[in-house]
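Read the structure below first, then the notes.
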Amino acid sequence: MTIASQAPGRLDRDLEIDPARWNKPDVYQLITSLVVPRPIAWVSTVSPNGCANLAPYSYFNLVADHPPHAMFSSIGEKDTLTNIRNTGEFVINVADQSLLEALDASGGDFDSEVDEFVEVGVTAVPSVRVRPPRVGQARAHLECTLAATYPVGNGTLVIGQVVHVHVDPSVWHDGRADSRLLDPVLRLSRCYGRLSDDVTAEEEPAPHVFQ
Ligand SMILES: Cc1cc2nc3c(=O)[nH]c(=O)nc-3n(C[C@H](O)[C@H](O)[C@H](O)COP(=O)(O)O)c2cc1C
């Protein structure tokens, strides 16, 4: 049975809703159109018998910086989550615009024993501290060990401690990774985006940063 949309096509007055009163797809469309842009964790894992898995997760951010921890959320029990539960390890690959097609393809529904590096045409390169390979074409990687999982709503929050960081020299400038050179793929409401030229403001740090 198809549930009719409860999201109005246009608004004549302010929208004020209790999300519990809308159907799930409409709530999803609404909140993912409001929390934008989202960075994307391109997460690589391995199954217990060694099959490499790769998938994008835009419910993603940092949790702590000392020691550094990152998080993403799996909506439902997916291969990535199962592999992390089984092995305790994952890699967050940072995808730049040249990897957009492969990143998008890796969001497809593949059997758990399909090597998704092969499937989407990227190179599996050994990681330094963890077993899952990293994407050779990506220019930055965070190798993580599982710190905690928490069920939240229909999601499972996965928190990983970053135990190794790799950055390619091509994106390094003046003591840090330069956002413009990194040129990460971002998730917008229904599509992908990239950082705008406004990011040049980064060149003029707010005074308090260095006081
Ligand atoms: C750009 C993008 C972002 C996504 N973000 C998430 C996310 O944050 N959480 C989630 O559960 N699924 C997300 N998905 C869907 C998963 O990537 C998709 O279900 C994938 O098949 C999971 O693969 P796995 O079973 O190998 O883990 C996203 C898909 C795309 C294309």
Side-chain angles (χ1 to χ4, degrees), residues 38-65 67-149 156-172 176-179 181-187 192:
R38 296 189 303 281
I40 301 176
W42 201 13
V43 181
S44 47
T45 55
V46 282
S47 68
N49 60 12
C51 183
N53 191 87
L54 190 59
Y57 287 82
S58 69
Y59 293 1
F60 162 55
N61 223 304
L62 290 175
V63 182
D65 51 59
H69 284 72
M71 56 126 298
F72 71 92
S73 176
S74 175
I75 304 303
E77 192 75 25
K78 300 183 174 177
D79 293 339
T80 298
L81 178 59
T82 306
N83 288 347
I84 293 171
R85 286 195 204 280
N86 286 330
T87 65
E89 296 181 332
F90 60 100
V91 178
I92 296 169
N93 302 274
V94 179
D96 62 43
Q97 300 292 327
S98 71
L99 292 165
L100 174 54
E101 206 176 311
L103 175 139
D104 187 59
S106 72
D109 196 13
F110 298 99
D111 188 87
S112 60
E113 290 311 312
V114 168
D115 183 325
E116 292 179 38
F117 280 73
V118 174
E119 207 61 36
V120 306
V122 293
T123 313
V125 171
S127 294
V128 174
R129 293 281 305 278
V130 299
R131 210 164 139 241
R134 49 197 200 187
V135 174
Q137 289 86 348
R139 294 182 297 167
H141 312 86
L142 306 177
E143 298 181 13
C144 299
T145 55
L146 178 63
T149 60
T156 301
L157 187 61
V158 178
I159 300 178
Q161 178 171 348
V162 181
V163 293
H164 185 82
V165 180
H166 165 252
V167 182
D168 189 274
S170 65
V171 297
W172 196 255
R176 62 191 306 175
D178 184 302
S179 308
L181 299 173
L182 201 57
D183 201 12
V185 177
L186 306 173
R187 189 59 160 168
Y192 294 101

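Atom set for the values below is all heavy atoms of this structure, side chains included, hydrogens, waters and symmetry mates excluded.
- A distance of 10.5 Å separates CG in Leu182 from CD in Gln97, rounded to the nearest 0.5 Å.
- Residue pairs satisfying the ring-ring contact (aromatic ring centres under 6.0 Å, His included) criterion with at least one member in residues 112-147, sequence neighbours excluded, are listed as follows: His141-His166.
- Thr123 meets the side chain to side chain contact (heavy atoms under 4.5 Å, CB included) test with Val125, Gln137; sequence neighbours excluded.
- Contact record, Pro184 with Val94: CB-CG1, 4.4 Å, taken as the closest heavy-atom pair.
- Counting heavy atoms from C-beta outward, Arg134 and Val128 have side chains that approach closer than 4.5 Å.
- Taking CD1 of Ile159 as the start and CD1 of Ile84 as the end, the distance is 12.0 Å to the nearest 0.5 Å.
- Counting only residues at least two apart or on different chains, the ring-ring contact (aromatic ring centres under 6.0 Å, His included) pairs with a member in residues 76-116 are Phe72-Phe90.
- Distance check, rounded to the nearest 0.5 Å: CH2 of Trp42 to CD1 of Ile92 gives 14.0 Å.
- Of the inter-residue distances, the one linking Asp79 atom CG with Leu54 atom CG reads 12.0 Å to the nearest 0.5 angstrom.
- Residue pairs that meet the salt bridge (Lys or Arg N to Asp or Glu O under 4.0 Å) test with at least one member in residues 103-129, sequence neighbours left out, do not exist here.
- A heavy-atom distance below 4.5 Å is found between the side chains of Ser106 and Pro56.
- Counting only residues at least two apart or in different chains, side-chain hydrogen bond (donor to acceptor under 3.5 Å, both in side chains) contacts with residues 84-94 comprise Ser44-Asn93, Glu77-Arg85.
- Val46 places a side-chain heavy atom less than 4.5 Å from the side chain of Pro133.
- Shown here are the side chain to side chain contact (heavy atoms under 4.5 Å, CB included) partners of Pro67, two or more places apart in sequence or in another chain: His69, Gln161.
- Annotation: side chain to side chain donor-acceptor pair (under 3.5 Å) contacts of Ser58 (sequence neighbours excluded): Arg38.
- Leu62 is linked by a side chain to side chain contact (heavy atoms under 4.5 Å, CB included) to Ala70, counting only residues two or more places apart in sequence or in another chain.
- Across all non-hydrogen atoms, the minimal contact from Pro132 to Val91 is O-CG2, 3.6 Å.
- The side-chain heavy atoms of Val185 and Leu99, taken from C-beta on, include no pair separated by under 4.5 Å.
- Pairing each heavy atom of Val130 with each of Ser127, the nearest pair is O-CB, 3.3 Å.
- Side-chain contact between Arg187 and Tyr192 is present, with at least one heavy-atom pair separated by less than 4.5 Å.
- By the 4.5 Å heavy-atom criterion applied to side chains, Ile75 and Tyr59 are counted as neighbours.
- For Thr80, the side chain to side chain donor-acceptor pair (under 3.5 Å) test picks out Asn53, Tyr57, with sequence neighbours left out.
- Evaluation of the salt bridge (Lys or Arg N to Asp or Glu O under 4.0 Å) test over residues 92-102, restricted to residues two or more places apart or in two chains, returns Asp96-Arg139.
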